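In listed order, ligands and their atoms are each counted from 1. Everything numeric in this text was worked out from a predicted model, so none of it was measured.
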Amino acid sequence: MANPPLTPPITPRPGIMDIAAYMPGEAKLDGHAEPMQLAANENALGPAKSAMAAYTEAGASLHRYPDGAATVLRNAIADAHGLDADRIICGAGSDEILSFLGRSYAGPGDEVLYSAHGFLMYPIITLTVGATPVAAPETADLTASVDALLAAVTPKTRILFLANPNNPTGTLLPVSELRRLRAGLRDDILLVIDAAYAEYVDHPDYDAGAALVDEGENTVMTRTFSKIHGLAALRLGWCYCPASVAAVLNRLRGPFNVGAPSLAAGVAAIGDTGHIERSRAHNFAERKRLQDRLRQLGLNTPESHGNFILIRFADGDQAEAALQAMNAGGVIPRRVAGYGLPESLRVTVGTAEENDAVVQALTDFVGEA
Ligand SMILES: *Cc1c(COP(=O)(O)O)cnc(C)c1O
């Protein structure tokens, strides 16, 4: 392809070309026809059979527009989580919801706040709307710091994005800390709690965010079908928000922003409590086993509350060498230098065989180091 001209006749809005485009985790590995893809936190067990069947059945009606209001899915989500369906908005992945929120509540001159090793989409979305990203430092154990976040607030702050548990660190804030954060923020700052990994949490003082949404007019919780439900390919997510925010998002979103096969599969998935429970149980058991084995090897990993584990090496060279060792064993982990963690790698909790391959590769790596 020809290089783009240096001064193209049409130019994007200021800030767009400052964006470092999101680099997805690798899915291919030279010399391995079927590598172990542990770079994108996908469900180790795959999608539910019921969701696959609903998806296939939707194929017969591809000539029809989807239900733009996503009524059946919103009702199913509301029933499953005990929420008000009128205050649920569905999107093409929770990424789309996050982007709606950015477009609705921030623009040039505004600041959008997040924690230093927060999800990469937050600065990207901030720059797309012409606002200024502001990262607050985390604690030494890579957990978001309520004090540091509050200290970073300025009169220009409009949105605070917080993943809880956070990707890629796996760490979380208990609900008491979330409440302290909300209470310390001005009322005109939107707090977005991104609970993509909520189902994987096993912590007594955790709330995915619905309680805080109900307690005020300025907090939103986002969720996804890409992780516990194993439907990443379909791009399906949702948020629970105050009525005033729902009224905004319903104006901004496309009239048919979620496809019919995604809606159908989502309804089946949210009703398939068997698959959800199997996925949770698998992750609890394998996350613990993998984390224990990695620590036995002397590796440093923060306690994970998601379906992935962050492994911290001495420096970037060590992380690169460990990545090469895993690649040699057919495993693809995720580099997280883009998250400000060049000395770390993130690995999804996979099947038992995949996790064994991770441990084997890192045993070889540690033995050679
Ligand atoms: C995976 C993930 C999402 C989900 O994104 P989708 O667009 O729903 O696939 C959202 N937030 C975080 C922190 C994630 O890791």
Can you classify the ring geometry of His305 versus His203 as parallel (below 30°), tilted (30 to 60°) or perpendicular (above 60°)?
perpendicular
Between Phe119 and Tyr339, how do the two ring planes meet: parallel, tilted or perpendicular, split at 30° and 60°?
parallel
Taking [X] first and then [Y], would you say they form a salt bridge - that is, a charged N and a carboxylate O separated by under 4.0 Å?
X      : Y      : answer
Arg289 : Asp356 : yes
Glu320 : Arg335 : yes
Arg179 : Glu215 : yes
Asp202 : Arg287 : no
Arg334 : Glu26  : no
Glu303 : Lys288 : no

Please confirm whether [X] comes under 4.0 Å of ligand 1, counting heavy atoms of the residue only.
X      : value
Asn41  : no
Gly237 : no
Phe225 : no
Met121 : no

List the closest protein heavy-atom neighbour of [atom]: residue, atom name, distance to the nearest 0.1 Å.
atom                    : result
atom 11 (N) of ligand 1 : Asp194 OD2, 2.6 Å
atom 15 (O) of ligand 1 : Tyr197 OH, 2.6 Å
atom 5 (O) of ligand 1  : Ser94 OG, 3.3 Å
atom 9 (O) of ligand 1  : Ser226 OG, 2.6 Å

Output the list of atoms in ligand 1 that are nearer than 4.0 Å to some heavy atom of Asn167, sorted by atom number.
13 (C), 14 (C), 15 (O)
Ligand 1 to Ala196, heavy atom cutoff 4.0 Å, flagged ligand atoms 2 (C), 3 (C), 10 (C), 11 (N), 12 (C), 14 (C)
Which is closest to atom 14 (C) of ligand 1 by heavy-atom distance: Arg235, Lys227, Glu96?
Lys227
